[in-house]
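We count ligands from 1, going down the list as the structure has it; atoms in each ligand are counted the same way. Computed from heavy atoms alone, side chains included, the values below leave out hydrogens, waters and symmetry copies. The model shown is predicted, which means the values in this text are computed figures rather than measured ones.
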Amino acid sequence: MTDNIVSAILWNRYGETLDVDEFLHGDFNLFDPFLMMDMSRATRRIKQAIDNKEKITIFGDYDVDGVTATALLVELFDFLEYPVDVHIPDRYEEGYGLKLSSLREIREGGTDLVITVDCGIRDEKVIDKMQAEGLDIIVTDHHNLGDKLPDCQAVLNPKRPQCEYPEKNLAGVGVAYVLARGLLAELGGDEKKIEWWLKWNLDLVAVGTIADMVPLTGENRTLVKYGLIVVNRRSRIGIRKLLSVAGKERGEITARDVAYVIAPRLNAAGRLNHAMNAFNLLLEKGELEAEFLAKNLDSNNTRRQELTSEILLQVYTMINQNDLPPAVVLADKKWPCGVVGLVSSRIVEKYHRPAFIAGIEGDMVRGSVRSVPGLNIVQILGMARDELQNYGGHDMAAGYSVPLSAWDRFQKKIRKCVAEKMKQIDPRKKISIDIQVEAAVINMKLWQSINFLAPFGVDNQEPVMLLAAAKLRDKKVIGRDMNHLKLNFIKATSGRAMEGLWWSNASFNDRFQLEKEYDILFRLEMNEYRGNQNVYLNIIDVRESKTK
Ligand SMILES: [Mn+2]
């Protein structure tokens, strides 16, 4: 019966286009790396560099995707026994992407070939100039394209219109992994060893892919599904230590754990100090050193959380709750640029408006945008490009910098453009229900079947289910801060009792009346306590039942 539920969920989500067998039980099959445009140009240039003993530098980025992608290529060249240099920009000193001064420094350090990961696609001016000065550059990136592509050795980006690589939604680390597969194919060698390398480094690919919030469908799903197996082996010392400082020494690690436990800690390095700390942790081979680095990232993460809350409180007092602006565009000297993106995310969750929170460094305002569904934020920034020094990113999340002198004009323009666009869209979060279930099927067996749909994440969320007309038996506010609501239901017809938890919604307690019937929207979750496994309803929303 429960397997019917899984089939029904897949049918409702994807229709007949989905190969159900492949989705549930698919092997580790990836597309031919040479389908990616410029792949042979890239691999031949790298082979030439190795043959001629040229100096190679990997140019990365400071977020989790960028750091894992950098680590992946360093692992690759380590496997090839060819030493390379690494440059991960400093978020505060250099900012995102390729700076002329950084590349000149790299050139002066003797580098002949730069390979970028997770960045470069919009830095055509800098790249063209450096190419002209004799520095060869290979760009690997997955961000949206600008008006003009860099003119360099090779540009790997599945979003290029003529690129035939079928998976368009790869993360930066996903593109780096395609390059790795292409290069290993080009260079040849012991097939067993190559296969071994490609499998045991999938943990890096899974972590970067989940952290970058790309859809977990298609090839990303395969990469993450198999990458999580490697994460669960805890073979990479750095990730094992990071899990144990977070209290996850044992137990299964899911995509959700990667998103909420591993990723924020790796990210905290680049937000508060330098992302090299996260990079070093991923490659560290010594137990003690890795433990030290993991503890350091963990305390960075705590500090990052405190800072986010402090800034959020300040933002709340700056906004008129009764007359919300179409977009929240705010900046302050005391807000670190590494944290403003997290603040923007929380603002969007609370107000359902796009948020452009920014820090001020000298005479430059640097901010991070988070958008609402249906509003392409890169397009909106494009409408204010005259005021901007720099911008780029994805539909839902982007970064920008504006000279302080243009800040007022920028604010006005953004509010005007967003107000105009918002007339055409409904920014409220929509929840689509995957399936309505009967109380009788809500059990461990259903939970197990549903988990065949994992890994869960962007575009493949845990199924949302509806249980209609269940009677409220008991309610209780729980938790150390008394902020969660426990609601116990019983189905009158079958007498079956169910435990529900509405996290962080204790304030709704008074709205509920015992013995009344409610319709419940929930995700089915499992709770393990002293060896006992129980399922409970993780409540998304509840309404009084109208079904009689
Ligand atoms: Mn990325």
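Look at Asp61 and the Mn ion (ligand 1): no N/O/S atom of the residue is under 2.8 Å from the metal. Between the Mn ion (ligand 1) and Asp212 there is an N/O/S contact shorter than 2.8 Å.
The residues Lys334 and Glu310 are annotated as not salt-bridged, no charged nitrogen and carboxylate oxygen being separated by less than 4.0 angstrom.
If you check the side chains of Arg304 and Asn301, you find a donor sitting under 3.5 Å from an acceptor.
In this structure Arg256 satisfies the salt bridge (charged side-chain N to carboxylate O under 4.0 Å, His left out) test together with Glu462, Glu525, sequence neighbours excluded. The side chain to side chain donor-acceptor pair (under 3.5 Å) test applied to Trp197 returns no partner, not counting sequence neighbours.
With respect to the Mn ion (ligand 1), Asp118 has OD1 as its nearest N, O or S atom.
The Mn ion (ligand 1) lies at the vertex of an angle of 90° between the OD2 atom of Asp65 and the NE2 atom of His142 (rounded to 10°).
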